[in-house]
Amino acid sequence: MTSLEPYVLRYWEGEFNIRLTKSKNHQRLYQKKDIELIKRIKGLLYDEKFTIAGAKKKLRERKKQKPVSNQLPLELKASDEDSRKFKQALKDVRNELQGILDSLESSNGSNA
């Protein structure tokens with residue numbers, strides 16, 4: 001997945017504090033986030049020519065800048081017609097949900 005030699009991965013595990021699990025037969029198992037980190041490290045070291053220390057610093061800076069939530073900024077430029085359609089769709093969904101709720105309440109009332 002990363003095209004790296006096993007000894008490089010083992011070295012980076014120690015240098016960059018990459019946590020991994022091992023299977024019963026002692027194979028190294030990486031999570032998706034670990035693979036992404038390894039790819040980022042590879043890019044910093046091999047493509048951007050950072051030193052190990054420089055890559056560590058860059059990763060720390062990136063961690064500090066990461067937003068608290070995982071939400072992406074969303075910018076929508078909708079026309080008035082799009083807004084009207086969207087509002088109507090929301091009203092339709094609300095009405096349908098209210099109908100389901102009413103139906104459930106009436107069926108629970110008849111069973112009581």
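What's counted below: heavy atoms across the whole structure, side chains too, no hydrogens, waters or symmetry copies. When a residue number appears, it is its place in the shown sequence, counting from 1. Keep in mind that this is a model prediction, so the values were computed, not measured.
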*Please answer whether the main-chain N or O of Leu29 pairs with a side-chain N or O of Lys22 as donor and acceptor at a distance below 3.5 Å.*
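It does not hold such a pair.
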*Looking only at atom types and distance, does a side-chain atom of Asp34 sit under 3.5 Å from a main-chain N or O of Gln31, one as donor and one as acceptor?*
yes
_Using a 6.0 Å cut-off, check whether atom CD of Gln88 has over 12 heavy atoms from anything other than its own residue._
yes
*asked:* Take a 6.0 Å sphere around NZ of Lys56 and say whether it holds more than 12 heavy atoms from other residues, nucleotides or ligands.
replied: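 Counting other residues, nucleotides and ligands, NZ of Lys56 exceeds 12 neighbours.
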Beyond-backbone contact of [X] with [Y], side-chain heavy atoms, under 4.5 angstrom:
| X | Y | answer |
| --- | --- | --- |
| Leu44 | Leu59 | yes |
| Leu4 | Trp12 | yes |
| Ile38 | Phe16 | no |
| Gln98 | Arg94 | no |
| Ile18 | Ile41 | yes |

To the nearest 0.5 Å, how far apart are [atom1] in [X] and [atom2] in [Y]?
| X | Y | atom1 | atom2 | value |
| --- | --- | --- | --- | --- |
| Glu15 | Ile52 | CD | CD1 | 5.5 Å |
| Leu9 | Lys42 | CG | NZ | 9.5 Å |
| Arg19 | Leu37 | CZ | CG | 12.0 Å |

*When you check the gap from the basic side-chain N to the acidic O, do Arg28 and Glu13 get nearer than 4.0 Å?*
yes
*Could you tell me whether Glu48 and Arg40 make a salt bridge, using a distance below 4.0 angstrom between a side-chain N and a carboxylate O?*
yes
*With sequence neighbours excluded, residues passing side-chain contact (heavy atoms from CB on, under 4.5 Å) with Asn25*: Ser23, Gln27
*What residues form a side-chain contact (heavy atoms from CB on, under 4.5 Å) with Asp47, not counting sequence neighbours?*
none
*Co-members of the apolar cluster containing Phe86 [side chain, <4.5 Å]*: Leu90
*Under 4.5 Å between side-chain heavy atoms, hopping through other hydrophobics if needed: is there a path connecting Leu101 to Leu97?*
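Result: no, two separate clusters.
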